[in-house]
Amino acid sequence: MTVVAFAEKNKAAAQIASILGDGEVDKISVEGLPAYEFKWKGEEWLVMGLSGHIMSYDFPEKYNKWSEVDPSTLLGVDPEKFVTRKEYEAAIKNLAKRADKIILACDYDREGENIGFEAKTLAEEVTNVPVARARFSALSPKEVRKAFESPVDPDHNLAMAAEARQILDLKMGAAFTRFVTLSVREKARTKDVLSIGPCQTPTCGFVYEREKAIRAFEAKDFWKITAIFAAKGGEFEGTHRAGNIHDKEKAAEIFKRLKGAKEGLVVKKTVKEAKTSPPNPLNTTEFLKRASKFLGISPEVALETAEQLYLAGFTSYPRTETNKYADDFDFKSLVFDFARQKEYKPFAESILSAPIVPKNGEKDAHDHPPIHPIRAAARGEISSAINIPQAAEVYDLIARHFLANLMPAAVFEKTHLHLQVQEEPFDSSGTVLKDAGWLEVYPFENKKDKLLPFVEEKEKVDVKKLSNTKSKTSPPKKLTEAELLTLMDKHGIGTKATAPTHIETNKKRGYFENKGKTISILDTGFTLMEGLSLSVPILVRPDIRSKIEALIQEVEDGKKEFEAALDEGTVLIKEMYAQLEANKKELTSNIAGTIKDEAALEDKKNYIGTCKACGHVLRIVQTDSGRFVGCTGYPDCRNSFPLPKTGALTVLRSKECKKEGAAVLKVGNKYNWAVGVGPCFKCELEKECYPPETVGPCPECDGRMFLISFKDNRFLGCTKRCGYTHSVPKTGKLTLLDKTCEICGWKLFRLKEDGEGSEIPEDDFCLNRRCTEGIKYWKKVSPRNESRAQRKVSADPATGSGTKSAGRGTEKPAAGRVSKAVSVAGSRKESK
DNA sequence: GCAAGGTC
């Protein structure tokens with residue numbers, strides 16, 4: 001007679017074999033996978049571990065192309081189950097052929113039953129020997145032997161409940177994810193997938209709801225009146241009974257009545273005993289929370305560590321919802337074991353000195369016992385057995401929590417003083433730990449004493465100081481990972497094993513992120529949740545999971561047929577899909593905007609600021625037909641600004657245009673361009689932003705002339721934008737001097753030619769054509785244009801003087817406005 | 001490329 005057993009994983013198989021085989025176990029290889037051979041009760045045993053699920057669902061291949069299949073089609077398609085781990089299929093069949101009896105020995109829960117059925121399905125393809133089920137909640141010798149001595153029938157309903165979950169989750173997740181992703185991609189170019197799922201989405205929903213509350217919060221002022229009293233025994237603080245006073249006048253009134261107070265009277269003193277019970281036994285969530293809070297270990301690492309402790313036989317199964325010890329739990333022998341371990345000895349002995357009364361929670365999910373130690377172990381033993389740095393710490397937490405559950409409540413003495421100062425009531429209180437009880441073994445909860453000096457009733461105390469302090473109410477705090485876990489657990493989001501994964505999924509999708517222990521929502525996550533809560537509110541709330549869970553539970557309980565549950569679930573998903581579709585526009589436009597904004601923000605080269613019209617991002621857009629500044633909100637927002645056609649663009653992030661609030665662009669070498677305003681010299685704010693050095697008064701108005709330079713051209717312009725411009729030599733280094741022309745008052749220039757052997761002396765000269773000194777200069781450099789120099793040249797800054805020295809006298813004349821001059825400057829470069 | 005659930 002050969003019995004073949006399948007465990008959920010290799011380590012569990014090894015542990016089972018070691019227990020049943022009593023150490024005499026042969027490790028063998030089946031199709032390259034480890035299995036264990038031993039004799040038990042005169043029979044041949046072969047135990048192999050699987051690897052969790054070895055099968056999975058997916059849609060048939062022809063539905064795989066997102067672009068060709070309408071997502072809603074998926075709702076009417078039956079997903080197919082296929083083997084994901086072929087090597088296990090081969091090994092299962094190999095062993096099944098040798099078996100006279102098969103025992104499913106996966107973890108005792110819904111998924112474990114389902115995993116067992118995966119093996120059963122594959123085995124039944126090659127054999128028809130009986131298949132039974134061994135149920136155990138801990139890999140302890142006692143539990144395991146009991147389970148294998150009295151196996152039961154496999155629970156078909158339990159396995160099918162998991163099956164229904166798999167199919168419904170896939171249908172919903174795939175259809176919704178594709179719909180949202182494809183809809184958003186119609187508006188924003190992104191490769192990212194926007195995923196939706198019955199666990200990940202409500203998880204993000206919790207973070208979203210908290211963020212909304214934070215954003216909606218308005219701080220309110222409040223006042224608090226406190227006093228420092230001095231008694232014979234020492235000083236202590238008291239608070240006016242009004243507490244937090246939200247009315248400023250009221251606080252001031254009270255404070256006024258207290259003015260000049262020197263003495264207070266202890267009207268009444270009460271001393272009360274208060275008890276604090278030990279915490280409830282550990283279920284998974286409570287364990288993850290405490291590991292995070294007390295040991296600073298992330299949920300993922302904590303769960304993995306507990307898993308290893310379980311597999312090594314130190315602690316019980318780590319995935320449990322139950323926080324209530326079974327009635328027949330053998331506390332005594334376990335505590336005896338701890339009494340032999342130095343570290344825990346005193347606590348164990350004190351527990352054994354009286355009848356054991358465990359602290360219990362209310363939840364008995366009939367799955368596994370609360371997480372507890374299986375045996376007492378020393379730190380060193382843990383560390384050498386498990387290769388995780390925090391393993392010993394985690395074990396210690398579990399061990400101490402277990403012992404704490406068996407210890408008496410902690411007793412505090414709470415003293416309350418009721419004082420009176422000029423008829424005004426004050427309160428003061430203190431707490432002293434009288435009997436540590438369970439706190440003795442549980443150093444993680446540090447309850448500090450708040451001491452009060454000894455004060456008698458009717459005693460008079462001095463008032464040393466009175467204060468009326470103004471404070472502000474503070475907004476709700478961001479969620480911590482531990483709080484998020486609590487919410488997920490409370491609402492049944494994910495299993496105790498997968499909750500950490502759902503948090504990770506949201507981070508991976510860019511929906512929220514971790515900052516230390518707190519979680520912050522990101523824009524994509526916020527707008528997605530906002531869109532979903534407007535169209536399919538149930539998705540953002542935990543309800544979605546509970547609806548599906550309720551259906552599945554009915555299958556598990558045998559109250560509903562598997563097919564009926566699938567149909568009902570699909571109808572539910574179809575309804576939600578219809579709502580999603582009906583609100584497609586509202587749902588996607590904000591997300592698309594955010595995605596585009598984020599992409600634009602990332603694109604440092606082109607990002608220049610925020611659009612004043614819609615709040616999205618302004619960035620430089622380059623197209624075949626040219627370039628301009630555009631808004632990512634396009635096409636909903638059509639805000640745009642022209643840019644010069646040529647010239648290298650650089651974003652000067654340090655220079656913000658005060659008018660538009662966007663960064664100033666540098667065009668070419670020396671030329672600034674403020675978005676929405678154009679060239680900076682055209683903007684009336686330019687003086688403030690870039691006060692120019694002026695040459696002298698404008699001959700046409702009361703403005704002043706200043707040098708405008710850019711890569712290919714330079715000229716003098718008027719600060720008042722009257723349109724008057726004035727040419728300057730086009731080449732050579734031009735320096736504005738501190739000396740002024742005695743005739744016209746313009747500042748003198750000095751020119752240093754580029755080339756050698758210049759005919760132009762490096763003299764100081766006046767440039768003003770309307771000045772006799774200036775005329776002399778222009779005559780000298782350009783005798784033929786002498787007469788023109790006397791005319792008004794406002795019309796043609798770009799053409800310049802046409803001097804020989806400049807060598808650029810051939811440009812087309814341009815219209816008189818400065819902005820035109822710019823475009824000429826640009827096009828010239830283009831022609832190069 | 002999509003979910004959630006196992007496990008490594």
Side-chain angles (χ1 to χ4, degrees), chain A residues 6-13 33-34 49-61 63-75 77 79 81 83-85 87-88 106-119 158-159 161-185 190-204 300 303-304 306-308 310-311 317-319 387-388 488 492-506 508-509 539 544-545 548-549 552 569 573 577:
Chain A
F6 296 108
E8 191 147 319
K9 49 195 165 277
N10 178 48
K11 281 192 175 178
L33 293 168
L50 306 175
S51 182
H53 286 286
I54 55 170
M55 296 174 106
S56 181
Y57 273 101
D58 210 344
F59 289 103
E61 214 183 317
Y63 298 99
N64 281 352
K65 285 202 173 156
W66 290 31
S67 52
E68 285 165 24
V69 180
D70 189 286
S72 66
T73 316
L74 299 177
L75 300 178
V77 175
K81 201 171 189 181
V83 177
T84 51
R85 307 289 300 267
E87 68 277 29
Y88 283 92
C106 295
D107 297 346
Y108 178 31
D109 53 29
R110 197 188 273 164
E111 296 300 328
E113 200 71 19
N114 189 280
I115 293 164
F117 268 67
E118 290 176 6
L158 188 60
E163 205 80 358
R165 179 206 52 77
Q166 290 174 29
I167 293 167
L168 292 173
D169 284 352
L170 174 63
K171 276 192 174 185
M172 182 195 144
F176 288 21
T177 299
R178 287 192 198 182
F179 176 76
V180 174
T181 304
L182 293 173
S183 304
V184 168
R185 282 186 194 166
T190 174
K191 279 184 192 165
D192 291 346
V193 167
L194 286 149
S195 63
I196 309 278
C199 289
Q200 56 173 275
T201 303
T203 299
C204 193
E300 290 152 293
L303 190 57
E304 172 58 22
E307 173 81 15
Q308 295 302 322
Y310 156 69
L311 291 171
Y317 188 70
R319 297 179 200 98
N387 197 18
I388 298 176
M488 292 170 75
I493 301 302
T495 68
K496 53 258 168 194
T498 58
T501 319
H502 299 311
I503 296 177
E504 288 305 305
T505 303
N506 278 289
K508 192 178 111 200
R509 295 288 183 212
L539 266 181
I544 176 62
R545 187 79 229 161
I548 293 177
E549 175 59 32
I552 294 165
I573 296 168
Y577 190 91

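Nothing here was measured: the structure is a model prediction, and the numbers come from that model. We name chains A, B, ... by the order of the sequence lines, and we start the count at 1 in each one.
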Item to check | Test log, rule salt bridge (charged side-chain N to carboxylate O under 4.0 Å, His left out), inputs A:Lys9 and A:Asp107 | outcome: CA-CA 9 Å; A:Lys9 49 195 165 277; A:Asp107 297 346; 3.3 Å; yes
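Atom C1' of nucleotide B:dA3 and atom CZ of A:Phe179 are separated by 18 Å, given to the nearest angstrom. One atom, CZ of A:Phe59, and another, C1' of B:dC2, lie 8 Å apart when rounded to the nearest Å. Rounded to whole angstrom, the span from the CD1 atom of A:Ile167 across to the P atom of B:dA3 amounts to 17 Å. Atom NZ in A:Lys11 sits about 18 Å away from atom P in B:dG6, given to the nearest Å. Regarding A:Asp58, its CG atom lies at a distance of 17 Å from the P atom of B:dG5, rounded to whole Å. To the nearest angstrom, C1' of B:dG6 lies 12 Å from CG of A:Leu303. As a whole-Å value, the separation of A:Ile54 CD1 from B:dG6 P is 16 Å. The distance from atom CD1 of A:Ile196 to atom C1' of B:dC2 is 11 Å, rounded to the nearest whole Å.
Residue A:Asp169 has its side chain nearest to B:dA4 when only B:dG5, B:dA4, B:dC8 are considered. For A:Ser195, whose side chain is taken as the heavy atoms from C-beta onward, the closest listed nucleotide among B:dC2, B:dG6, B:dA4 is B:dC2. With B:dC8, B:dC2, B:dA3 as the candidates, the nucleotide lying closest to the side chain of A:Gln200 is B:dA3. With B:dG6, B:dA3, B:dC8 as the candidates, the nucleotide lying closest to the side chain of A:Thr177 is B:dA3. Of the candidates B:dC2, B:dG5, B:dT7, the closest approach to any side-chain atom of A:Thr498 belongs to B:dG5. In this structure, of B:dT7, B:dA4, B:dG5, it is B:dT7 that holds the atom nearest to the side chain of A:Ser51. Relative to the side chain of A:Trp66, the nucleotides B:dG5, B:dT7, B:dC2 differ in distance, and B:dC2 lies closest.
Backbone-only engagement by A:Ala497 is indicated by non-hydrogen atom pairs under 4.0 Å involving sugar-phosphate atoms exclusively. Within 4.0 Å of A:Gln166, counting heavy atoms only, lies at least one base atom of the nucleic acid. Residue contacts for A:Gly494: at a heavy-atom cut-off of 4.0 Å it reaches the sugar-phosphate backbone alone, with no base atom in range. In this structure, A:Phe176 reaches neither bases nor backbone, as no heavy-atom distance under 4.0 Å exists between it and the strands shown. Contacts of A:Ser56 with the nucleic acid, taken as non-hydrogen atoms under 4.0 Å apart, include base atoms. In this structure, A:Arg509 reaches the sugar-phosphate backbone alone: every heavy-atom distance under 4.0 Å involves primed, P, OP1 or OP2 atoms, never a base. If you check every strand for non-hydrogen atoms under 4.0 Å, A:Arg110 touches nothing. Within the 4.0 angstrom heavy-atom criterion, no nucleotide atom of any strand lies near A:Pro71. Using a 4.0 Å heavy-atom cutoff across all strands shown, A:Asn114 reaches no nucleic acid atom at all.
Here the side chains of A:Arg110 and A:Thr495 are not in contact, with every heavy-atom distance at 4.5 Å or above.
Toward the 5′ end of DNA chain B lies the nearest nucleotide of A:Val193, the other residue of the pair A:Leu311 and A:Val193 mapping further downstream.
Residue A:Arg319 places at least one side-chain N or O under 4.0 Å from the OP1 or OP2 atom of B:dT7.
With salt bridges taken as basic N to acidic carboxylate O contacts below 4.0 Å, none links A:Arg319 and A:Glu111.
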